[in-house]
Student: 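Have a look at the structure that comes next, please.
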Protein chains: 2
Amino acid sequence: MSQTVDRALSILPLLAQGPADLGQVAERLGVHKSTALRLLRTLHEHGLVYRQEDQRYRLGARLFALAQEAVENLDVREIAHPHLVALNDRCGHTVHLAVYEEQEVLYIDKVESRYPVRMYSRIGKPVAITVAAVAKLLLADLTEPERRTIAEKLDYPMYTSRSTPDAAAFLKELTVVREQGWATDLGGHEESINCIGAPIRGADGRVVAAMSVSAPNVVVTAEELLTLLPLVRRTAETISREYSGTNRPKKV
Amino acid sequence: MSQTVDRALSILPLLAQGPADLGQVAERLGVHKSTALRLLRTLHEHGLVYRQEDQRYRLGARLFALAQEAVENLDVREIAHPHLVALNDRCGHTVHLAVYEEQEVLYIDKVESRYPVRMYSRIGKPVAITVAAVAKLLLADLTEPERRTIAEKLDYPMYTSRSTPDAAAFLKELTVVREQGWATDLGGHEESINCIGAPIRGADGRVVAAMSVSAPNVVVTAEELLTLLPLVRRTAETISREYSGTNRPKKV
DNA sequence: AATGGGTGTTGCATATGTTGCAACGAACTT
DNA sequence: AAGTTCGTTGCAACATATGCAACACCCATT
């Protein structure tokens with residue numbers, strides 16, 4: 001592992017919290033100011049860091065562009081997108097697509113609700129991993145020891161009274177999800193919002209992504225939302241088939 | 001400038017084009033495989049790079065999370081957001097917010113159209129700088145020599161027959177925009193889409209961001225869209241006032 | 001005006017960290 | 001079983017990043 005690069009990259013999350021000046025960066029990195037300056041300069045040349053008028057540094061434009069290009073190159077997303085739009089056309093609610101990566105679950109696509117009341121979420125935002133339907137689906141597919149390890153490492157914030165309280169409850173929920181092949185989040189993240197989700201599988205049957213439909217109580221009740229389950233599962237299966245088809249060749 | 005960091009960061013745009021294996025990365029960087037390996041490992045530890053099952057590398061999750069945090073900390077965006085939503089409530093069309101940074105114009109916020117026909121765009125995506133209304137507004141505020149330098153450096157792709165053809169036309173357009181205090185893009189990027197935009201100014205009167213309303217021909221004609229101009233300008237001015245107010249202290 | 005604290009910046013010698021090499025191991029082909 | 005191709009490791013030689021100290025600059029204070 002490279003020390004210099006390591007230090008340079010440590011600057012990024014630091015600046016994500018808000019702009020900082022040279023001194024602050026140097027201090028928080030534990031290096032001399034001149035060192036921090038050179039690292040920042042290099043980051044700047046690559047556009048990852050921007051220098052605002054007051055000379056303080058903050059994250060730069062290219063970061064967005066990179067994240068952008070990256071997400072557009074995900075083939076699951078590309079295949080799934082039209083189906084998500086079609087689903088949104090039929091039911092009107094917010095549709096999400098998420099993947100699991102390095103201990104995190106994150107949205108990689110979203111089709112906004114057509115109803116005026118919308119939920120807050122954004123592509124790239126890490127998902128509330130202990131309660132979200134898509135998170136349950138993605139984690140449920142891991143091996144038993146993997147699930148165990150992760151479940152123990154997680155925090156279990158009580159967003160609402162119906163949030164998953166601890167590792168034991170979470171593991172149990174994952175088993176249920178694994179067996180039934182779909183998942184819900186009934187007010188576990190925000191009191192008034194319910195979600196139902198289904199897994200998208202690759203050719204080998206492993207879950208490569210998960211999709212969900214979310215709607216606030218004020219638009220449809222949880223029971224009404226559940227009537228959409230067959231539709232959601234069918235959509236997920238259609239995407240799975242298409243993805244497995246195009247992705248058939250094992251070596252690329 | 002740091003050579004090691006420079007090399008490591010050069011990997012990112014390379015991977016943005018698509019996944020690559022160790023050998024390809026090493027070759028395109030012009031370094032030994034072992035060197036590339038160590039750089040990739042460091043990037044990996046910071047989550048900027050992800051290793052998929054076939055061992056190839058691609059851009060990683062934390063990149064999204066970083067871009068995410070960064071965009072949420074932009075104070076213009078925070079102040080503007082509710083106003084953009086309110087504007088969308090009144091007219092129903094897509095509303096964009098953009099800033100200029102390091103020779104690029106990029107969207108930092110977006111409220112989706114409530115109409116079924118939507119335009120394609122995404123937060124973080126660089127804007128078609130020669131035609132977009134927001135780009136004209138942001139560039140029009142630069143000094144004359146700056147505008148000239150940039151205008152000459154740009155390419156002028158003819159997205160449609162109404163795209164800005166060359167630097168001369170662009171500079172002329174910028175002068176117009178500068179004087180009238182608002183801008184349009186009538187089918188200059190996509191034949192069927194029109195936009196109108198207005199600038200958001202800081203306490204010193206300089207343009208810090210630009211907003212626009214976009215709608216396809218099939219929903220409203222260009223003339224109808226133009227009737228929204230007063231509303232758009234009022235919204236921009238409201239945001240400007242609020243931004244100048246909270247941002248008053250010159251030194252932070 | 002002059003002083004002082006606060007920035008960001010530069011040149012330089014030291015030694016630390018990075019580099020490429022060559023050799024190994026694993027997975028897959030022939 | 002021999003032969004590819006790819007990722008990985010240890011090591012010695014060198015290049016490179018590092019901290020220091022001094023400088024330049026801006027602003028506030030006296």
Side-chain angles (χ1 to χ4, degrees), chain A residues 1-12 14-15 17-60 101-102 202-204 206 247-252, chain B residues 1-12 14-15 17-60 101-102 202-204 206 247-252:
Chain A
M1 193 194 51
S2 163
Q3 185 190 71
T4 317
V5 177
D6 186 48
R7 283 176 173 166
L9 296 182
S10 302
I11 294 177
L12 298 179
L14 195 152
L15 290 184
Q17 296 168 29
D21 63 28
L22 180 62
Q24 295 169 321
V25 172
E27 188 190 9
R28 298 191 56 180
L29 273 188
V31 298
H32 198 268
K33 278 194 306 178
S34 59
T35 308
L37 178 68
R38 283 182 284 253
L39 296 177
L40 280 165
R41 272 225 255 264
T42 312
L43 290 168
H44 179 87
E45 283 193 14
H46 285 259
L48 299 184
V49 144
Y50 176 72
R51 193 150 200 202
Q52 34 188 39
E53 304 114 49
D54 61 356
Q55 299 231 303
R56 291 189 305 165
Y57 295 91
R58 62 172 173 74
L59 294 183
E101 182 179 322
E102 315 259 349
D204 53 2
R206 287 198 45 201
N247 207 44
R248 182 60 50 88
K250 266 193 175 174
K251 60 174 217 181
V252 184
Chain B
M1 193 191 52
S2 164
Q3 186 191 68
T4 317
V5 177
D6 186 47
R7 284 176 172 164
L9 296 182
S10 302
I11 294 177
L12 298 178
L14 195 153
L15 291 184
Q17 294 167 30
D21 63 29
L22 179 62
Q24 294 170 323
V25 172
E27 188 190 9
R28 298 191 58 180
L29 273 188
V31 299
H32 196 270
K33 280 194 305 180
S34 58
T35 308
L37 178 68
R38 283 181 285 251
L39 297 178
L40 280 165
R41 272 225 255 267
T42 312
L43 289 169
H44 179 88
E45 284 194 12
H46 285 259
L48 299 184
V49 144
Y50 176 71
R51 194 150 200 202
Q52 32 188 38
E53 303 116 48
D54 61 356
Q55 300 231 304
R56 291 190 304 165
Y57 296 90
R58 62 171 173 74
L59 294 182
E101 180 179 321
E102 315 257 349
D204 53 3
R206 288 198 45 202
N247 207 42
R248 181 59 51 86
K250 265 192 176 176
K251 61 173 214 180
V252 184

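Within every chain, numbering begins at 1; the chains are lettered A, B, ... in the order of the sequence lines, protein sequences first and strands thereafter.
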Student: Are any of the side-chain heavy atoms of B:Leu29 and B:Leu39 separated by less than 4.5 Å?
Tutor: yes
Student: With a 4.0 Å cutoff (strictly under), does any side-chain N or O of A:Arg7 reach OP1 or OP2 of D:dA17?
Tutor: no
Student: Are OP1 or OP2 of D:dG19 and a side-chain N or O of A:Thr35 less than 4.0 angstrom apart?
Tutor: yes
Student: Is there a donor on the side chain of A:Thr4 or the base of C:dG17 sitting less than 3.5 Å from an acceptor on the other?
Tutor: no
Student: Which distance, rounded to the nearest 0.5 Å, do you find between the OG of B:Ser34 and the CG of B:Leu22?
Tutor: 9.0 Å
Student: Which of residues 40-52 of chain A sit near DNA chain D, with a heavy atom under 4.0 Å from it?
Tutor: none
Student: State, to 0.1 Å, how close A:Tyr50 and A:His44 come at their nearest heavy-atom pair, and which atoms those are.
Tutor: CA-ND1, 4.3 Å
Student: Would you indicate what A:Ser34 reaches in the nucleic acid, counting non-hydrogen atoms under 4.0 angstrom: base, sugar-phosphate, or nothing?
Tutor: base
Student: Can you name the closest pair of heavy atoms from A:Arg28 and A:Leu14 and give their distance?
Tutor: CB-CD1, 3.6 Å
Student: Would you say a side-chain N or O of A:Gln55 is under 4.0 Å from OP1 or OP2 of C:dG8?
Tutor: no
Student: For the backbone of A:Thr42 and the side chain of A:Glu45, can you confirm whether one donor and one acceptor N or O come within less than 3.5 Å of each other?
Tutor: no
Student: Give, ordered by number, those residues of residues 19-33 of chain A having at least one heavy-atom distance below 4.0 Å to an atom of DNA chain D; if nothing qualifies, reply none.
Tutor: A:Val31, A:His32
